[in-house]
Amino acid sequence: MPQSHSLNEDPLDLWYLSLITCAKSGEGQDLLTTSLRHSFDRLHPHFELQERDDFCSIACASILLNTLLPSSKSTQSSIYATAAKKYLTDGIVLTDLFNIVTACGLSSVIRHSNQERFKDQFLEDIKNPEMFLIINYWRQFEWPREGEFYRNGHFSLAAGFNEATEQVLILDTSDSIRPYHWLDLKHLMRMMCTYDQVAAMPRGYLIILDPNQKKK
């Protein structure tokens with residue numbers, strides 16, 4: 001029987017803001033010029049910040065819908081009203097997001113982090129130009145002004161990969177200062193390989209398939 005990937009405890013030694021490199025910095029720009037970035041090139045013209053604190057998944061869905069199905073003219077408000085409202089009571093989880101994007105007309109596949117060859121599969125998927133990835137990962141940081149700690153699950157778009165440094169380009173709809181940033185793959189793996197108590201399932205990522213490829 002195949003062995004599943006083991007899950008981690010919440011990685012309390014990883015402080016998110018100290019681990020990322022802003023894509024607008026000199027180093028971040030250098031990484032971008034030498035990276036696989038087909039997803040970034042298509043997604044960033046449609047990037048938008050989330051309208052509410054709990055809209056990270058909905059904002060990701062809106063960006064993807066406007067990239068892949070531009071005639072839909074989707075907004076976060078319309079996605080919330082037509083597909084996502086019933087899932088927000090306890091927080092959206094991977095299976096909820098699968099249902100939301102399906103209701104909006106996109107095909108998707110869930111990859112949970114306890115699946116066999118999870119890291120290898122992630123690398124295959126992020127390099128595939130016909131796939132777009134929404135990652136579901138645990139992270140922590142201290143609010144700069146409030147002095148409070150944020151420790152929770154989050155959704156972002158994984159939009160590029162630098163093979164030389166093994167860093168993932170993340171489009172974060174919650175960060176107005178560093179919306180595009182780089183994170184080491186090893187850290188992202190630890191953050192995705194955690195257990196979502198609300199879902200009672202492991203975290204992971206959602207693959208969104210490009211509907212335009214089916215027509216070719």
Side-chain angles (χ1 to χ4, degrees), residues 1-21 23 31 35-36 39-40 50 54 56-61 64 87 90-101 108-128 131-142 149-175 178 180-209:
M1 180 178 295
Q3 294 295 313
S4 61
H5 195 288
S6 60
L7 297 179
N8 301 320
E9 297 292 331
D10 292 344
L12 295 173
D13 58 316
L14 299 182
W15 291 91
Y16 195 74
L17 296 183
S18 69
L19 301 172
I20 63 175
T21 300
L31 289 168
S35 297
L36 297 169
S39 292
F40 175 77
Q50 62 199 63
D54 55 355
C56 55
S57 58
I58 295 174
C60 289
L64 279 164
Y87 296 111
D90 297 316
I92 289 176
V93 299
L94 266 177
T95 51
D96 297 335
L97 187 53
F98 172 90
N99 291 331
I100 290 167
V101 298
S108 62
V109 178
I110 296 175
R111 300 257 199 246
H112 287 292
S113 57
N114 64 339
Q115 294 176 355
E116 185 186 13
R117 296 182 62 251
F118 179 71
K119 179 180 177 181
D120 292 340
Q121 189 65 65
F122 176 82
L123 289 174
E124 289 177 21
D125 293 339
I126 200 170
K127 295 173 186 178
N128 189 329
M131 296 179 175
F132 296 83
L133 308 187
I134 302 177
I135 53 174
N136 179 212
Y137 57 128
W138 183 95
R139 62 184 193 168
Q140 69 171 350
F141 52 84
E142 184 176 1
F149 298 105
Y150 173 96
R151 294 186 174 103
N152 213 335
H154 186 58
F155 289 95
S156 289
L157 290 154
F161 183 67
N162 187 284
E163 295 194 81
T165 62
E166 289 206 324
Q167 292 189 70
V168 178
L169 178 60
I170 293 174
L171 307 190
D172 185 356
T173 62
S174 73
D175 194 334
R178 298 161 294 265
Y180 310 154
H181 54 255
W182 295 94
L183 176 66
D184 281 358
L185 176 64
K186 63 183 179 182
H187 296 322
L188 178 59
M189 284 294 116
R190 289 184 62 196
M191 294 174 187
M192 283 197 291
C193 293
T194 51
Y195 190 76
D196 187 335
Q197 298 290 344
V198 175
M201 298 181 75
R203 293 187 175 89
Y205 61 97
L206 190 69
I207 300 169
I208 309 297
L209 304 173

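It should be emphasised that the depicted structure is a prediction, and the values quoted were computed from it without experimental measurement.
Applying the side-chain contact (heavy atoms from CB on, under 4.5 Å) test to Asn99 and every residue at least two apart in sequence or in another chain returns Tyr87. Thr95 meets the side-chain contact (heavy atoms from CB on, under 4.5 Å) test with Val93, Ile110, Met201; sequence neighbours excluded. In this structure, the side-chain hydrogen bond (donor to acceptor under 3.5 Å, both in side chains) partners of Ser35, at least two apart in sequence or on a different chain, are Asn162. Residues that satisfy the salt bridge (Lys or Arg N to Asp or Glu O under 4.0 Å) test with Glu163, not counting sequence neighbours, are Lys127. For Tyr150, the ring pair (Phe, Tyr, Trp, His ring centres under 6.0 Å) test picks out Phe141, Trp143, with sequence neighbours left out. By the salt bridge (Lys or Arg N to Asp or Glu O under 4.0 Å) test, Asp54 pairs with Arg52, sequence neighbours left out. The side-chain hydrogen bond (donor to acceptor under 3.5 Å, both in side chains) check on Thr173 picks up Gln50, with sequence neighbours excluded. Remark: Asp125 engages Arg111 in a salt bridge (Lys or Arg N to Asp or Glu O under 4.0 Å) (not counting sequence neighbours).
Separation of atoms CE (Met189) and CG (Leu183) is listed at 9.5 Å; rounding is to 0.5 Å. Atom CG of residue Asp96 and atom OG of residue Ser57 lie 8.0 Å apart, to the nearest 0.5 angstrom. Rounded to the nearest 0.5 Å, atoms CH2 (Trp182) and CD1 (Ile170) are 10.0 Å apart. Once rounded to the nearest 0.5 Å, the distance linking OG of Ser39 with CD1 of Ile208 reads 11.0 Å. Between atom NZ of residue Lys186 and atom NZ of residue Lys119 there is a gap of 10.0 Å, rounded to the nearest 0.5 Å. Between Glu142 atom CD and Trp15 atom CH2 the span is 6.5 Å, to the nearest 0.5 Å.
Side-chain contact between Leu169 and Leu31 is absent, with no heavy atoms from C-beta onward closer than 4.5 Å. Counting only heavy atoms from C-beta outward, the side chains of Leu19 and Asp184 never approach each other to under 4.5 Å. Considering only heavy atoms from C-beta on, Ile126 stays 4.5 Å or farther from Tyr205 through its side chain. Inter-residue side-chain proximity for Ile92 and Phe155 is flagged as met; some heavy-atom pair is nearer than 4.5 Å.
Of the possible polar contacts, one joining the Asp175 side chain to the Arg178 backbone as a donor-acceptor pair under 3.5 Å is found. Listed for the Ser108 side chain is no donor-acceptor partner under 3.5 Å among the backbone atoms of Leu206.
A pairwise comparison of heavy atoms in Pro202 and Leu94 identifies O-CD1, 4.4 Å as the closest pair.
Pairs engaging residues 189-200 under the side chain to side chain donor-acceptor pair (under 3.5 Å) rule: Asp13-Arg190, Thr194-Arg203 [sequence neighbours left out].
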Could you tabulate the donor-acceptor pairs under 3.5 Å formed by side-chain atoms of residues 131-140, not counting sequence neighbours?
residue, atom, partner, partner atom, Å
Asn136, ND2, His154, O, 3.2
Tyr137, OH, Tyr16, OH, 3.2
Tyr137, OH, Ser156, OG, 3.0
Trp138, NE1, Asp10, OD2, 3.4
Arg139, NH1, Asp172, OD2, 2.9
Arg139, NH2, His154, NE2, 3.2
Arg139, NH2, Ser174, OG, 3.0
Gln140, OE1, Arg151, NE, 2.6
Gln140, OE1, Arg151, NH2, 3.4
Gln140, NE2, Leu12, O, 2.6
Gln140, NE2, Leu14, O, 3.1

